[in-house]
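Everything numeric in this text was worked out from a predicted model, so none of it was measured.
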Amino acid sequence: MDFADLIRRDMKPALGVTEPAAIALACAMARSLSGEPPKKVSVRVNSGIFKNAFTCGIPNTGKVGNEYAAALGCFFGRPDKGLLVLDAITEEDVLFCEKQIAGGNVGVTLGEVSPDLSIEATVVTEHDVCEAHILDTHTNVCFLRKNQEILLDERRRGKDSESEGDLRAASLAGMVSFAVEAPEEEIGFIREAYRVNGELAKAGLSSERCVIAGELIKKNGGRRISEDAEKTAVLLAAAAAEARVLGLDYPAMSITGSGNHGIISTLPLYGVKEAEGHSEPALLRATALSYLVTMYIKQYSGLLSALCGCGVAAGTGMACGLTLLRGGTYEAVVHTLYNMANSIVGMICQGGNHGCVMKVISAVKTGFSAAELGLSGVQIEACHGIGGTTPEETMRNIGRIANPGMVGTERTIVEIMREKGLRNSLIDNPP
């Protein structure tokens, strides 16, 4: 199994939270099918997309939410840019979209409650009705239709998966062996994730809007990197996540379709490397393991569910990577995995918003505790909780908690969010 290739194809830069970007991409793709200017756009999305974009900041706009993502993508998005579809939006574009939304020309409706990602965008022009569907992953445009002519139909579930390949056939031992033994040049591409996510963290630390990052840097002695590895790790991850969910104009390097997953999988490990003086090759190896564990769990949980994947899946991956970075053996990594499975699993996802930063903090801190215990040979035994008889079964069980376990929870979360009926003043002026 080519682990390096799996990771390489999964890593993708994304501007803002990936759910608004995916909505914008679908709308931009639909619009591109006609040579006429769009008049109306309507979008139908699954619960995970609806929830994650509900109050999520859209970079360079000062706006949040499903409708703005659809409008900006439809009228001004660049479909050739993938998840960077909105990277050239101007203030004039935003004002135009405001008028389109107020005029009833933009609509987003909730479809099925499901962890299976689904976006169906329809753009109407003077003479054309154009459709674009994205399924399963944030960039998998698998259906295109202009009027009655179907231009593309590849709606088979699982096509073009962002972690394509049967990673579920892998073992944790194989992942650890790869991380330890892979030639450095084979995993050197991971450096780009640190460059991209590092710039995002710096943006968060310099922005007055990122109030949580501002408090955390005080707790870290006013420094981005201190001798306290845990505080440094928490700070970097939280700063990047806060910048992302509030819509600062910097991309994240995503993994499994999520910028927050990518942030948690990487930046805490970078903080430990800097604080404790580990080598760059050791960091690359730890990150490779972090990514693979995250990807494995997500193949069972689904990309979007009621389970907080950034905290649970990426937090578990990071904890395993931290154990390896600090010199842990395969056995220590197993201990860490079981400790995580018996602690943070159950954290719910309430959409992509400012609250994600608290989940990032919790995940990183829990990951440190799990890894430190694992390195000492301490583990919650398999007979307890959802622990399986093997580490692979344990990771599968974590995924099962989300899918199918929390489908009812997902429905309740979405109902609560819709019942809140957020006022336009809050939607237009996010904190």
Side-chain angles (χ1 to χ4, degrees), residues 172 175 193 197 216 229-242 244-245 252-272 286-326 328 332-350 352 355-375 379-380 385-387 391 394-399 401-402 406:
L172 182 63
M175 298 176 200
N197 292 340
L216 291 176
E230 183 172 340
K231 287 182 179 178
T232 296
V234 169
L235 171 64
L236 295 180
E242 190 167 25
R244 176 177 174 268
V245 297
M253 185 63 78
S254 70
I255 197 77
T256 68
S258 165
N260 272 357
H261 285 63
I263 287 166
I264 293 179
S265 295
T266 59
L267 287 183
L269 299 176
Y270 177 80
V272 174
T287 306
L289 179 60
S290 176
Y291 275 156
L292 289 170
V293 170
T294 301
M295 292 161 63
Y296 190 102
I297 294 171
K298 291 292 287 185
Q299 284 200 326
Y300 286 93
S301 68
L303 289 187
L304 301 172
S305 71
L307 193 73
C308 176
C310 69
V312 176
T316 300
M318 184 279 298
C320 292
L322 175 59
T323 302
L324 191 68
L325 182 62
R326 286 178 163 176
V333 172
V334 172
H335 297 331
T336 298
L337 174 65
Y338 277 87
N339 292 340
M340 289 297 287
N342 283 278
S343 56
I344 203 169
V345 175
M347 178 186 285
I348 66 168
C349 171
Q350 303 173 67
C356 293
V357 187
M358 295 303 300
K359 295 180 172 66
V360 170
I361 293 170
S362 297
V364 176
K365 289 186 174 183
T366 303
F368 266 77
S369 296
E372 288 165 359
L373 290 168
L375 285 163
Q379 168 190 317
I380 304 298
I386 64 168
T394 299
M395 289 188 285
R396 291 195 294 270
N397 289 347
I398 293 173
I401 294 297
M406 297 180 74

(message) My understanding is that only one of N339, L375, L337 makes a side-chain contact (heavy atoms from CB on, under 4.5 Å) with T323; could you say which?
(response) L375

(request) Please determine which of V312, I398, T316 meets the side-chain contact (heavy atoms from CB on, under 4.5 Å) test together with M340. (result)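 Only one of V312, I398, T316 forms a side-chain contact (heavy atoms from CB on, under 4.5 Å) with M340, namely T316.
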
Could you tell me whether the side chain of [Y] reaches within less than 4.5 Å of the side chain of [X], counting heavy atoms only?
X: K231; Y: V234; result: no
X: V293; Y: M175; result: yes
X: L269; Y: S290; result: yes
X: V272; Y: F368; result: yes

Nearest heavy-atom neighbours spanning [X] and [Y]:
X: V334; Y: P391; result: CG2-CG, 4.4 Å
X: S301; Y: A402; result: CB-CB, 3.7 Å
X: C356; Y: V245; result: CB-CG1, 4.2 Å
X: C320; Y: L289; result: O-CD2, 3.6 Å
X: A229; Y: R326; result: CB-NH2, 4.0 Å
X: L267; Y: A240; result: CD1-CB, 3.5 Å

(request) Output, in order, the C-alpha distance, side-chain angles, deciding distance and verdict of side chain to side chain contact (heavy atoms under 4.5 Å, CB included) for M406 and I401. (result) CA-CA 6 Å; M406 297 180 74; I401 294 297; 3.8 Å; yes

(request) Please confirm whether the backbone N or O of I386 pairs with a side-chain atom of N397, one donor and one acceptor, at under 3.5 Å? (result)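 Yes, the answer is positive, given that a donor and an acceptor are paired below the 3.5 Å cut-off.
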
Separation between [atom1] of [X] and [atom2] of [Y], rounded to the nearest 0.5 Å:
X: M358; Y: S362; atom1: CE; atom2: OG; value: 6.0 Å
X: L236; Y: I264; atom1: CG; atom2: CD1; value: 13.0 Å
X: M395; Y: Y338; atom1: CE; atom2: OH; value: 9.5 Å
X: L172; Y: T394; atom1: CG; atom2: OG1; value: 9.5 Å
X: S265; Y: I255; atom1: OG; atom2: CD1; value: 6.5 Å
X: K298; Y: T256; atom1: NZ; atom2: OG1; value: 5.0 Å

(request) Take I361 and L216 through the side chain to side chain contact (heavy atoms under 4.5 Å, CB included) test and state the conclusion after the steps. (result) CA-CA 10 Å; I361 293 170; L216 291 176; 4.0 Å; yes

(request) Give the intermediate values and the outcome of side chain to side chain contact (heavy atoms under 4.5 Å, CB included) for residues H261 and S254. (result) CA-CA 7 Å; H261 285 63; S254 70; over 6 Å; no

(request) Only counting residues at least two apart or in another chain, list the ones meeting side-chain hydrogen bond (donor to acceptor under 3.5 Å, both in side chains) with E230. (result)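 Partners of E230 under the side-chain hydrogen bond (donor to acceptor under 3.5 Å, both in side chains) test: none.
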
(request) Indicate whether any N or O donor in one side chain lies under 3.5 Å from an N or O acceptor in the other, for T266 and T287. (result) no

(message) Please evaluate residues C308 and K359 with respect to the criterion side chain to side chain contact (heavy atoms under 4.5 Å, CB included), reporting the C-alpha separation (whole Å), side-chain torsions for both, the decisive distance (0.1 Å), and the verdict.
(response) CA-CA 8 Å; C308 176; K359 295 180 172 66; 3.5 Å; yes

